[in-house]
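Bear in mind that the values here come from a model prediction, so they are computed numbers and not experimental data.
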Amino acid sequence: FDGPVTSISFNQEPWWYSFGATVAYFSYLEHLYSGLFAFTGKRHTATELHHFISLKWRDKHRTLLEEAGVFETGQFNRLLSIFDQQRNPFSHGLGGKKLSSVYRLIPDVGFVPSKHNKQLVQPNFRFSEEHQEVFLENCRVFDDFDNFLSKSPLSHGIEWAKSGMNF
């Protein structure tokens with residue numbers, strides 16, 4: 001085309017919903033981990049709790065699950081892959097951080113990532129069955145991890161959180 005692209009003809013909504021769900025899951029985990037820290041079977045000082053809450057997701061995950069005696073490398077790597085290749089570049093791209101995205105405004109859609117810097121695996125902006133499979137696989141990983149937590153030594157904390165109780 002001679003002019004700039006101002007819209008795309010694919011169905012945008014599934015991608016935005018799947019992206020939102022992926023970002024929301026990791027936000028949920030960060031908050032959940034802060035509450036589960038009290039269920040590791042160890043006593044913590046207020047300073048230790050403040051430090052734990054300030055950790056980045058990957059460090060918080062490792063610290064919590066190692067302290068509970070249930071850290072699994074394969075499980076961590078599956079979550080970390082989704083976190084680094086999908087959640088981080090898209091949700092933090094506007095901040096100019098490493099692996100950030102270049103965004104373009106598409107009317108009636110919003111800002112969309114168009115290129116990733118130094119990203120080995122391109123998450124790409126997919127509006128296809130391929131992206132649907134990526135999202136469904138993410139959901140399987142998330143469900144597996146939720147099931148794992150509910151059967152782990154942290155299960156009482158999971159029950160507390162699911163009941164709606166305030167940590």
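- In this structure, CZ on Phe52 lies 8.0 Å from CG on Leu36, to the nearest 0.5 angstrom.
- Between Phe145 and Tyr33, the two ring planes are perpendicular [angle over 60°; tilted spans 30° to 60°].
- Side-chain N/O atoms of Glu67 and His44 include a donor and acceptor closer than 3.5 Å.
- A side-chain donor-acceptor contact under 3.5 Å links His50 to the backbone of Ala46.
- In this structure, the side chain of Gln75 does not engage the main chain of Glu72 through any donor-acceptor pair within 3.5 Å.
- Using a 4.5 Å heavy-atom threshold, the side chains of His61 and Leu29 count as separate.
- Once rounded to the nearest 0.5 Å, the distance linking CZ of Phe39 with CD1 of Ile158 reads 9.0 Å.
- The aromatic ring centres of Phe142 and Phe26 sit less than 6.0 Å apart.
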Trace of the side-chain contact (heavy atoms from CB on, under 4.5 Å) decision for Leu64 with Phe71: CA-CA 8 Å; Leu64 174 70; Phe71 180 82; over 6 Å; no

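- Among residues two or more places apart in sequence or in another chain, the salt bridge (Lys or Arg N to Asp or Glu O under 4.0 Å) test is passed with Glu66 by Arg62.
- A donor-acceptor pair is defined here as one N or O able to donate and one able to accept, closer than 3.5 Å; such a pair exists between the side chain of Ser155 and the backbone of Ser152.
- Here the straight-line distance linking atom CD1 of Ile82 with atom CD of Glu137 works out to 7.0 Å at 0.5 Å rounding.
- Taking the charged nitrogens against the carboxylate oxygens, Lys162 and Glu159 have no contact shorter than 4.0 Å, which rules out a salt bridge.
- Aromatic pair Trp160/His156: centroids not less than 6.0 angstrom apart.
- Evaluated for a side chain to side chain contact (heavy atoms under 4.5 Å, CB included) with Leu149, the options Val70, Leu154, Asp144 yield exactly one hit, Leu154.
- Atom CG of Leu55 is separated from atom CD of Glu30 by 9.5 Å, given to the nearest 0.5 angstrom.
- Distance CZ/Arg58 to CG/Leu80: 5.0 Å, rounded to 0.5 Å.
- Heavy atoms only, all atoms of each residue included: Ser34 and Leu49 are closest at O-CD1, 4.2 Å.
- Legend: residues meeting side chain to side chain donor-acceptor pair (under 3.5 Å) with Asp146, ordered by chain and number and at least two apart, are Tyr25.
- One distance of note links OG1 of Thr40 with CZ of Phe37; it measures 6.0 Å at 0.5 Å rounding.
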Thr63 and Lys60: CA distance, side-chain angles, deciding distance, side-chain contact (heavy atoms from CB on, under 4.5 Å) verdict: CA-CA 5 Å; Thr63 299; Lys60 199 176 286 184; 5.9 Å; no

